[in-house]
Every structure is written in C-alpha cells, then in structure tokens.
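The sequence lines fix the lettering, A, B, ..., with proteins before strands; numbering per chain opens at 1. The structure presented is a predicted model; accordingly, all values stated were derived computationally and were not measured.
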There are 2 protein chains.
Amino acid sequence: MATMHDVARLAQVSVSTVSYVLTGTRPISQATRNKVLAAMAQLDYQPNAMARGLASRRSRILGLLMPMDERGLGATETAFVTGAAAAASVAGYHLVLSPVGGGDLDDLRRLASQRMLDGVVLMEVQLADERVTVLQEAGVPLVLIGRTGDTSTLSYVDIDFDQTVREAVAHLVGLGHRRIVYVNHSAATLASGYGPALRTRDAFTAAMTGHGLEPVMIAAEDSAAGGRAALAAAFAQAPELTAVLAMNETAIFGILGELTGRGLSVPDDVSVVSMVTSPQVAELATPALTAMTSPGSALGRIAIEALTRHLDGPADLRHQQLLPCALEIRGSTAPPRSRQPMGADQ
Amino acid sequence: MATMHDVARLAQVSVSTVSYVLTGTRPISQATRNKVLAAMAQLDYQPNAMARGLASRRSRILGLLMPMDERGLGATETAFVTGAAAAASVAGYHLVLSPVGGGDLDDLRRLASQRMLDGVVLMEVQLADERVTVLQEAGVPLVLIGRTGDTSTLSYVDIDFDQTVREAVAHLVGLGHRRIVYVNHSAATLASGYGPALRTRDAFTAAMTGHGLEPVMIAAEDSAAGGRAALAAAFAQAPELTAVLAMNETAIFGILGELTGRGLSVPDDVSVVSMVTSPQVAELATPALTAMTSPGSALGRIAIEALTRHLDGPADLRHQQLLPCALEIRGSTAPPRSRQPMGADQ
DNA sequence: GAACTTCGTCGAAGCGTTTCGACGAAGCGG
DNA sequence: CCGCTTCGTCGAAACGCTTCGACGAAGTTC
C-alpha cells in the first residue's frame, strides 16, 4: 500500500505538496500537479482514511441511523436511503447505515463520542426521542427525518402529514364519500409518541371536521390480522362507511382481505386509499391501490444536503422543511355506490 | 473531548499504561487499573476511533455491502442485517451497511483501499461477481452470502436451495399433488447469473424428476403483474396444475390475485408454497402462505462470526456452510381437489 | 525601482493512539 | 545470595495524513 511519502518521493516534491494537490487547500502549479497525479496513478495510491481523519478531525463519513425492526424496510425507506446515499456521494461523503435499535442508547453514545461520524441523520424519530438528546450532548451535527415535539433548535425534514391527509380526504370527499374511516397505526404506537401516527390523527380530525364530516379513527396492529380486526371495528362504529383511508402498509392487506371476505368489492363497495405508500407496494394489491406516495428519495437527499451544508459551511443554520405526499390515483377509489348500510353487521 | 493524555495525567501514569488498560495487551496491576478506570470515568473518556485505527491498522469496522434496489428490503434481508449487527456487536466490531449499487465498482474499490473496513460481507452475490474480484485484489477479508460459481477460495454462507426445494416439493407431493409449477425470478435475472434463481431451477428439476414428475418452470418479472402473467403462462403450459411453488415475493401477490380472479380458491383448487419467505410476508396473504422460511438472522450471524474469526485468529481458514429453509405450513396448501383440468383455459 | 502582495513550495509540528524496547522490582531454583 | 525469568511500568517512535509558518520568486503599485 503506497503512502503519501512514496508519491512525494516519486514526484520529487514534498509531502505537503502532495496533500495540497489532493485537498486543493492551496494553489499548486499545473506542472507540479501533473507530476503528482502521475505518481499517484503509477503507484495506485489511495489515501488512508484513518490518517486523514485523524489529522483533519473529519472522517467524511455520515451516519444514517435507522432502527431496524423485524418488519423490514419498505420501499419508502429504501428510496429514502438511496436518495441519501446519492446525495452524500455527490457531496464527497460516505454514507453508512447503522442499525441501532432503540435499546442501544449506550451504543449510540459510544458511536457518537468516538468521532467517527461527522454528522448523523436520524430516522423514525419519536416525539420525545432520547437519541436526539444523546447526539446533541455528544455534539454531533444532526438532521432528523421526522420531528420531535420541540423542533425549535433542530434541523429536520419530514412529510407534510397535514397537507397529505387533507389531500387524501379531499379526493374521497370529491368522489362523493361522506363516511370515511381512518386506519392508523396501533394504539401502542400512538401511545409511544410516534409523530406520524399522532399528526395524521389530528390532521384527519381537522380535515373531516372541515368538510362537516365526523372523523372516525381506528388503531390497527401492524399485521394483516390487525387490518382485519380494524375493518371489523370500523364497520361496528360506522356501518355505512364507504371509504377507508389507511396509513399502515402491513394492515392494509388485512383490510383488503377482510373486505373480500365480506363479499365487498374494491372500489365499488368500499374505496381504499393508502397513505405514505410506495408505488411498488400499491401495485401489489388487486386492484392497485390509490395512494399518497411519499417523497422518499427527495427526503433523503434534502436531509443529507442540509447536513453537509451545515458541516462545510460554517453557518449555524437550521433547515426545516415539510414535503407532502403525492396523490396517485389507481384502481382502489371510485364514487360510492349508493347501497344499503351494512346494518347489523358483525 | 478528553484524550488519553488527560487520563494519564489524572491517573498519574504514562500514556502507554492507559493504553494497556484499554486493550489488555499487557498485564497491569489491579491498583493501577483502578486508578486509570476512575480517571476515565471522571473525564468521560472515549477513545478516538481514528487515532486508534491509524495506530493499530484496524478500524474495527465491518462492512455489509448490500445492493439497494427500489424494491426495498424484505423481512428476510432485514433479519439478515439484524443478525449480523448483533454478532458484530458481540465480537466488538461496528457494522456499517453500505448501499453500493452494481455500478459503483470504482466506489467499492475506493472504499476497500482506504483501509476503513477491516472486512466485508457481501450480499446478493452473482455467480460471476466482479465485486468479489475487486475486494480480493484490494486484500479485504471477505465473506459472501450466496456463492459465486467458483467457490474454492472463498468463505461463504448460503441457503441450501437444493434441500429447500426438495422439501417444498416433498410437501406438495406428499399432499398428493402431481402437477406442480415453479415460478422463478425473471428471465433477465436468470440470464444475469443470479445464483438462487439458477440453483432452485436445477434443484426443482432434480426433485420433480426424482418423484417421476415433469418439472415446469416459469420465469416471472418481479412485480404483481409479472405474477399474473406467470400464472397465465403456467395454465397454458400445464392446464391441470394443482400447485404452485414460487420464489418471488413480489410476484406471489400477483399470482394470488390472478388465482382469485379466475375463480380458483387457495388452497382448495390450487396450493401455493412460497420459498425463502419471511413469516411476516407469509401472513400478509389471505390465506396465510405455507412457506419455506429463510434462516435470515442465522445467516447474518454466521457470516459475521466467520469474518471475525478470520480477522482475530491468524488462521487462514475458509468457512463454507449451507443452511436450509424451514417448512412452515400455513393455510395455502392442502391436498388437491380432484377436479376437471382447466382445459382450454386462457 | 522600492515596497508590497501573491504564488508555489517546503519543512516540521501535530492529530491521539498502539506498540516496541528497556528497565527496576519481585519471585524463584539451586 | 546469584543469576534468571516474569511482572508492571515508562518513554519514545511510529501510523499516514493535514496544516501552519516561512520563504524565495514573480508580479503590482505608485
């Protein structure tokens, strides 16, 4: 493995000159630059990341901290990651994904204090998230995907849930639906302070009330069975429902299955809209789901851009931005068929 | 940020002594050790990863290279990652995930040559995989998930596709099915030399032939539409089929949808087995899918264990291991109903 | 053309660790 | 009680890079 010394010797310049060629921190004449570049190529020189990091006190590594639960990463999260990785690469940083679970607060503290990460993007932020505190205390530059309760001192990018829900509701209301049930994440998730669940709940209430309609929300476990149970609960609370709005990629398949099981067809009997869903998942269902598609890769890109700007520019700037999901109409929504309410169902 | 110097001064010992306490490379008296430990705690000392890495020539970081396509990570891959992360943590390593796409061979070469990764686990290996060559040339210790064509010099852990297919086929044959169609990945994927697709194809042929049955395989695009098309093709080739075996988590939903669309019920008319599928995904379908569940987290754990053993032990040992998937019977398989072949269907 | 800048390069001092050789103090067999 | 190991500790030299101050040489300005 060739070092900078070898390159300098071969090019007959000093080590510092080689360094300046590499980093561009000082002007170097074209002739010298060429000599150095040639030597580097000849030796197949690659700078040693550790030495560089030690001397410059910047690793040029960005961390993307993603809690990995057993559910896996949806296409949404994946788009997010690829968007972030691409942006990092453009900015001259490596992006590493760290699967830190919720319990590893100590692990996180260690990671942060070891000066191995120049900055961090945090996914799946809770309203009150200890990880934020740990990272802030360790002095690691930070950008959130999602928001904590108090956003005053933080940079974040998040989905504009308010706007997204409003648009979804408007779509259904525009088709003529009046009785719309919102299937949210589980009660436990709500209780744990998961921002998206809380924000969509409130947004749904506001949107429905704004249309003069009664908001009905059901909490569903993140499983197919949870979706089935949720649909049963929905019919119990609102027998005459004609549309379901859901933000729960797992439960939605249970909802669909249960609908079919009850002899109801989508979209003729019940319209279904899935929120924060990727096209890929929306296409899995039959019929394909009308969905609010999340701006996954844009979120990732923007988060990284905000972070690198923060690192490279000396500015102490905060970046706060909300992006709405885009309505993509597929086969699961239609005007309601005027039919008899399900009455004594279930 | 406290350094080792600060700790040494506070504990009134030399820097090297502090280092020995930390690394355990030389004996240290209990008394001294306690002094040092106390000083470290008092200063909230964290070793600087870069300095450590530079001096010791080992970063204690392991890379997990996973191509991220837009499909997202299934629960199988996720289990894999979490298994690997846990094992790395136990062995005292950090695990970082690097979303290197297929095109970034240069990026990979750079990553490998920068001495930032002590070792690498490579996912989604092709039969002829350039990444392997690049990494080997860069001298980075390597463990594969999956296998290249020539495995003689490599460490790997992989699914035992032969055994898995045999078991799946035996399950169906045991139920009385004779006419079984295998839905594989796309023709393009097969052509690109994707090991699992190739190996299961051959294993299926062998297993069916072993039972005296004719193997019928259909290549399906990785999409719901691909699954529908595949089922149509299957009925065209084998109108009297009573069972479908599939290894394509995306297509399977299309298959299921198309089956329903043709008025065929699962499992009464057609049994369905999904291979290399996680319980979570299997439960999404209605009825829940009988599946060959992949040993995801074990694969990850074993890969990392093999890698760390290779790094810590001086031995030049190779680790080659195959793990079968486990048959989990759910609601999508049953004995075939004796019914009229579909005849001029489609 | 004297007095300043700017340009291009060099040498050397770090960055925070690990690790090697050295060395006094014990412990031990004979 | 004399040589030998072993134990516990120290000082100093790496590790491979960045960055700072310095300094001729060349341009600029009046």
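- With rounding to whole Å, L22(A) atom CG is found 12 Å from dG16(D) atom C1'.
- Rounded to a whole Å, the CG atom of N48(B) is 17 Å from the P atom of dC17(D).
- For the segment residues 7-14 of chain B, no residue has any heavy atom less than 4.0 angstrom from an atom of DNA chain C.
- dG16(D) atom C1' lies 18 Å from atom CZ of R60(A), rounded to whole Å.
- Of the listed nucleotides (dC15(D), dA22(D), dC17(D)), dA22(D) has the atom at the smallest distance from the side chain of R26(A).
- Judged as a ring pair (Phe, Tyr, Trp, His ring centres under 6.0 Å), and not counting sequence neighbours, Y45(A) has no contacts.
- In this structure, CD of Q30(B) is placed 10 Å from P of dG8(D), rounded to the nearest angstrom.
- Using a 4.0 Å heavy-atom criterion, one finds that S16(A) contacts the bases of the nucleic acid, with or without backbone contacts as well.
- Listed nucleotides: dC17(D), dC10(D), dT17(C). Nearest to the side chain of R52(B): dT17(C).
- Here dG16(D) presents its P atom at 13 Å from CE of M50(A), a figure rounded to the nearest Å.
- L54(A) comes within contact range of at least one nucleobase, with a heavy-atom separation under 4.0 Å.
- Phosphate contact (OP1/OP2 of dT18(D), side-chain N/O of S19(A), threshold under 4.0 Å): present.
- Ion pairing between a basic and an acidic side chain is recognised when a charged N comes within 4.0 Å of a carboxylate O; D312(A) and R58(A) show such pairing.
- With a 4.5 Å cut-off on side-chain heavy atoms, I302(B) and V157(B) count as touching.
- As judged by a 4.0 angstrom heavy-atom cut-off over every strand, Q46(B) is placed among residues touching the sugar-phosphate backbone only.
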For this session: Evaluate the criterion side chain to side chain contact (heavy atoms under 4.5 Å, CB included) for residue pair V121(A) and M66(A); output intermediate values, then yes/no.
Result: CA-CA 9 Å; V121(A) 174; M66(A) 35 157 54; over 6 Å; no

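- Applying the 4.0 Å criterion to OP1 and OP2 of dC17(D), one finds that S56(A) has every side-chain N and O outside that range.
- Under 4.0 angstrom from either OP1 or OP2 of dC17(D) there lies no side-chain N or O belonging to Y20(A).
- Closest approach of H319(B) and S155(B) over heavy atoms only: N-OG, 3.0 Å.
- The NE2 atom of H5(B) sits 13 Å away from the C1' atom of dT18(C) (whole-angstrom rounding).
- Atom-to-atom, NZ of K35(A) to P of dG8(C) comes out at 14 Å; the value is rounded to the nearest Å.
- Position along DNA chain D of the nearest nucleotide to R57(A) versus R57(B) favours R57(B) as the more 5'-ward residue.
- Rounded to whole Å, the distance from CE on M1(B) to C1' on dT17(C) is 16 Å.
- For Q12(B), the CD atom is loosely surrounded, since the number of other residues' heavy atoms within 6.0 Å does not exceed 12.
- More than 12 heavy atoms of other shown residues, nucleotides or ligands fall within 6.0 angstrom of atom CD in Q321(B).
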